[in-house]
Amino acid sequence: MKILLIGSGGREHALAWAITASPLCDQLICAPGNAGIAELAECVPVGIENIDGLVKLAVERKVDFVVVGPEGPLVEGVADQLRDKGFKVFGPSQLAAQLEGSKGFTKDICAKYNIPTGAYGKFTALQPALDYLHKQGAPIVVKADGLAAGKGVTVAMNVAEAEAALRACFDGQFGQAGAKVVIEEFLDGEEASFFALCDGTHAVALAAAQDHKRVGDGDTGPNTGGMGSYSPAPVLDETMAARVMREIIHPTLRGMAQEGCKFQGVLFAGLMIGKDGPKLIEYNVRFGDPECQSLMLRLKSDLLTALIASADGALKDFDLRWRDDCAITVVMAANGYPGDYQKNTEIKGLDQAATVPGVTIFHAGTKRGGDGRLLANGGRVLNISALGHDINEARARAYEAINRIDWPEGFCRRDIGWRALAARK
Ligand code: AMP
Ligand code: GLY
């Protein structure tokens with residue numbers, strides 16, 4: 001099969017790694033890809049925001065299957081446009097992608113289909129939002145309705161902070177994404193990411209993972225796209241996973257079908273596991289980054305077969321096998337991230353690092369210089385992923401590899417996996 005993969009991050013490198021390992025994959029094309037993906041696939045410089053260009057590429061290259069990595073093109077309807085042209089696609093329709101594209105849409109689905117989540121109000125103007133806030137008090141959470149590159153959520157510990165967040169939304173700080181606002185009950189507990197492969201009707205649980213969103217050790221400093229991940233997540237054992245499928249994933253699939261927007265693709269539930277069990281914080285309609293990197297290391301089954309079964313509506317009785325091992329992913333980012341950072345700094349030592357047993361390196365923001373040197377080309381730059389018998393071994397291997405990487409302009413967190421380690425004690 002000839003496959004087109006859309007995206008350019010560490011998630012897509014991990015997907016490319018798993019797809020090209022499948023006997024079904026004859027050729028992989030990636031748009032736009034990165035320097036790591038270029039070792040596995042032909043990279044074509046069409047950006048993920050160029051929906052017409054992506055569709056044109058699929059037509060010109062007569063691909064057999066398209067896998068969409070990031071949420072942006074899904075929310076813009078790339079899957080529908082490709083399906084209209086007769087392509088088989090892994091990824092939800094534009095209507096179904098509203099589960100990530102509109103927080104208010106998701107909250108309404110939860111309310112209508114009895115899916116456990118925090119109490120909420122939806123607003124399109126400041127005054128009624130302020131009135132609701134003053135009635136509820138703090139702590140409370142303010143969310144821009146649309147996609148805001150991970151910056152649209154404020155967990156406010158007091159009313160003044162929440163007021164400021166509301167004003168920022170309605171002043172247009174998040175553009176259209178903030179024209180509608182959701183105010184949500186603050187949920188207490190431990191966060192975990194749960195992934196389920198869906199074919200519109202059936203769902204197969206993937207594995208659970210946890211990520212570290214804050215930039216600094218000890219989960220301090222500003223939020224990022226994710227500085228590391230590990231799988232499995234101790235807080236989401238088999239019993240809890242079964243409960244999440246029963247109480248959250250299956251009702252969502254049934255609800256989406258009833259609403260006329262069947263969900264096909266990977267459903268990524270951001271959960272808060274609290275005293276009363278799991279509650280939904282938010283949905284994403286794609287694999288998590290860097291959760292995907294850890295999941296792919298643990299997946300024993302053929303990923304491509306699973307993605308095709310999802311696109312074909314054939315997940316009934318589908319089974320996936322996983323390694324019992326633990327996987328960890330440590331993100332290396334450019335100094336300064338998530339603020340301003342330098343580009344085009346040289347990275348050396350990856351070959352040495354990759355020889356540490358159990359280690360696989362996935363690229364995110366990298367490119368090749370004209371002279372073949374490997375250069376940093378983004379905020380999150382490398383993912384050092386490792387398998388081990390337990391979280392301790394996986395973690396030691398990842399950091400051993402990092403110690404061999406020569407990139408003075410980059411940094412990483414030194415405590416990825418601390419929660420899983422604490423759970424073992
Ligand atoms: P998001 O940008 O939607 O991923 O949200 C960022 C983070 O805000 C989440 O990972 C949670 O840590 C936190 N958060 C979002 N909603 C809530 C909530 N209702 N209660 C507590 N924390 C929340
Ligand atoms: N790591 C969180 C995300 O992909 O949204």
Side-chain angles (χ1 to χ4, degrees), residues 7 9-12 14-15 69-72 74-75 99-107 110 116-121 133 136 138-157 161-162 165 169 174 177-178 181-195 206 208-215 219-231 233 235 266-276 278-296 329-331 333 338 362 364 379-380 383 413 416 419:
R11 167 183 50 212
E12 285 76 24
L15 292 173
E71 66 278 13
L74 292 168
V75 171
L99 282 178
E100 179 160 2
S102 166
K103 294 190 164 36
F105 173 87
T106 299
K107 297 299 284 188
C110 289
T117 187
Y120 71 107
L133 165 66
Q136 302 297 320
I140 197 152
V141 184
V142 175
K143 302 185 172 184
D145 184 78
L147 293 184
K151 298 199 177 79
V153 174
T154 303
V155 180
M157 285 304 152
E161 231 181 296
C169 285
F174 304 109
V181 171
V182 170
I183 303 182
E184 191 181 73
E185 175 191 356
F186 173 81
L187 299 173
D188 212 2
E190 187 170 336
E191 270 187 85
S193 307
F194 185 81
F195 298 87
L206 297 173
Q210 282 180 295
D211 79 341
H212 295 264
K213 288 195 174 27
R214 304 297 188 106
V215 74
D219 292 331
T220 54
N223 258 323
T224 69
M227 293 302 291
S229 69
Y230 51 94
S231 173
V235 67
V266 61
L267 197 51
F268 163 1
L271 301 172
M272 192 67 89
I273 315 290
K275 283 196 309 297
D276 320 328
K279 287 193 176 170
L280 183 75
I281 299 179
E282 61 172 10
Y283 270 132
N284 298 301
V285 298
R286 51 172 174 88
F287 282 101
D289 187 346
E291 289 95 326
C292 181
Q293 292 83 312
S294 292
L295 291 190
M296 289 306 115
T329 297
V330 180
V331 170
F362 297 117
R380 291 192 295 174
N383 301 269
R413 275 183 61 165
I416 299 303
R419 219 184 268 280

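Just so you know, ligand 1 is whichever comes first in the structure, and atom 1 is the first atom listed for that ligand.
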- Message: Using a 3.5 Å distance criterion without hydrogens, assess whether the side chain of Ser231 forms a donor-acceptor pair with backbone atoms of Ala208.
- Response: yes

- Message: Determine whether a donor-acceptor pair (N or O, by modelled atom type, separation under 3.5 Å) exists between the side chain of Arg380 and the backbone of Ala364.
- Response: no

- Query: Judged by non-hydrogen atoms, does Gly288 sit under 4.0 Å from ligand 2?
  - Reply: yes

- Task: Measure the distances from the heavy atoms of Gly225 to every atom of ligand 2 and state whether one is below 4.0 angstrom.
- Result: yes

- Have a look at ligand 1 and work out which part of Lys143, if any, has a heavy atom under 4.0 Å from it: side chain, backbone, both or neither. side chain

- Item | Which segment of Leu187 sits under 4.0 Å of ligand 1 when only heavy atoms are counted | both

Residue pair [X] / [Y], side-chain heavy-atom distance below 4.5 Å:
{"X": "Ile183", "Y": "Gln136", "answer": "no"}
{"X": "Thr329", "Y": "Phe362", "answer": "no"}
{"X": "Tyr230", "Y": "Arg419", "answer": "yes"}

- Task: Give, for atom CD of Glu291 and atom CZ of Phe268, the distance between the pair rounded to the nearest 0.5 Å.
- Result: 4.5 Å

Under 4.0 Å to a heavy atom of [X] - the qualifying atoms of ligand 1, by number:
{"X": "Val141", "answer": "16 (N), 17 (C), 18 (C), 19 (N), 20 (N)"}
{"X": "Glu184", "answer": "16 (N), 17 (C), 18 (C), 19 (N)"}
{"X": "Glu282", "answer": "1 (P), 3 (O), 4 (O)"}
{"X": "Lys213", "answer": "4 (O), 10 (O)"}
{"X": "Ile281", "answer": "15 (C), 16 (N), 17 (C)"}

- Query: So, Lys107 and Glu184, do they make that salt bridge, N to O below 4.0 Å?
  - Reply: yes

- Message: Please determine whether a side-chain nitrogen of the Lys or Arg among Arg413 and Asp219 lies less than 4.0 Å from a carboxylate oxygen of the Asp or Glu.
- Response: yes

Suppose I only count heavy atoms of [X] and a 4.0 Å limit; which atoms of ligand 2 are within that range?
{"X": "Arg286", "answer": "3 (C), 4 (O), 5 (O)"}
{"X": "Phe268", "answer": "3 (C), 4 (O), 5 (O)"}
{"X": "Asp211", "answer": "1 (N), 2 (C)"}

- Message: Regarding ligand 2, does Lys213 bring an N or O atom to under 3.5 Å of one of the ligand's N or O atoms?
- Response: no

- Note on the structure: Heavy-atom nearest pair, Glu282 first then Leu280, reads O-CD1, 3.4 Å

- Task: Between Glu291 and ligand 2, find which residue part has any heavy-atom pair under 4.0 Å and reply side chain, backbone, both or neither.
- Result: side chain

